[in-house]
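Single-structure report; data block below.
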Amino acid sequence: MTARTERPLSPHLQIYRVTLTMALSIVHRATGIALYFGTLLLAWWLIAAASGPGAYANVQAFTGSIIGKLIVFGYTWSLMHHLCSGIRYFFWDLGYGFKPNEREALTWGALIAGISLTVLIWIIAYTVGGGR
């Protein structure tokens, strides 16, 4: 009989080096979950708008607070990051971008585009909304 070797049956996190592509794949899934809960906030806002001025004022008071703005900012970033990462996955589904340099470029592009779009949306919102 041969001696039993104590080793993993398949590679796992101790063997792999975490890359940006791996990290953003995990973040993509996390933003999908965040979008689910953020959509509850959006539904609350829409229901309050349909319910009348009192209910709408309550939602506006919450989203106008520091915590509310952070949550809405996070929701905006989750939406933009998930969108840009989804486009990256779409390119991969079409069979493009699998070379290491292309893969890194798509990953960095999704990360930078998600952040840039979020900041751009908030700048436009504050400009149009008068800083409210």
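Just the heavy atoms: all of them, side chains too, but no hydrogens, waters or symmetry mates, feed the values below.
- A distance of 7.5 Å separates NE2 in His28 from NE2 in His81, rounded to the nearest 0.5 Å.
- For the atom pair Leu70 CG and Trp77 CH2, the distance stands at 14.0 Å (nearest 0.5 Å).
- Rounded to the nearest 0.5 angstrom, Leu111 CG and Leu106 CG are separated by 12.5 Å.
- Ring-plane geometry between Tyr56 and Trp45 is classed as tilted, the angle between the planes lying from 30 to 60 degrees on a 0 to 90 degree scale.
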Stepwise side chain to side chain contact (heavy atoms under 4.5 Å, CB included) test for Tyr36 and Ile33: CA-CA 5 Å; Tyr36 175 80; Ile33 294 167; 5.5 Å; no

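- Within a 6.0 Å sphere centred on CD1 of Ile66, other residues, nucleotides and ligands contribute 12 heavy atoms or fewer.
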Would you tabulate the side-chain donor-acceptor contacts of residues 86-96 under 3.5 Å, counting partners in other chains and residues two or more places apart, or write 'none'?
residue	atom	partner	partner atom	Å
Arg88	NH1	Thr107	OG1	3.3
Arg88	NH2	Ser85	OG	3.2
Tyr89	OH	Ser25	OG	3.1
Trp92	NE1	Gly97	O	3.1

For residues 113-124, which side-chain donor-acceptor pairs fall under 3.5 Å, sequence neighbours excluded?
residue	atom	partner	partner atom	Å
Ser116	OG	Ile112	O	2.8
Thr118	OG1	Gly114	O	2.7
Trp122	NE1	Thr76	OG1	3.2

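- Considering only heavy atoms from C-beta on, Val27 comes within 4.5 Å of Thr31 through its side chain.
- Put simply, Phe37 and Ile71 are part of two different groups of oily side chains (I, L, V, M, F, W, Y) that touch within less than 4.5 Å, one to the next.
- Not a single donor-acceptor pair under 3.5 Å links the side chain of Thr39 to the backbone N or O of Leu42.
- Of the inter-residue distances, the one linking Thr63 atom OG1 with Lys69 atom NZ reads 8.5 Å to the nearest 0.5 angstrom.
- More than 12 heavy atoms of other shown residues, nucleotides or ligands fall within 6.0 angstrom of atom CZ in Phe73.
- Leu20 CG to Leu24 CG: the interatomic distance, rounded to the nearest 0.5 Å, is 4.5 Å.
- Remark: Thr21 OG1 to Ile26 CD1 distance equals 11.0 Å, nearest 0.5 Å.
- The heavy-atom pair separating Leu41 from Val72 by the smallest distance is CD2-CG2, 4.0 Å.
- Put simply, the side chain of Phe62 reaches to within 4.5 Å of the side chain of Trp44, judged on heavy atoms.
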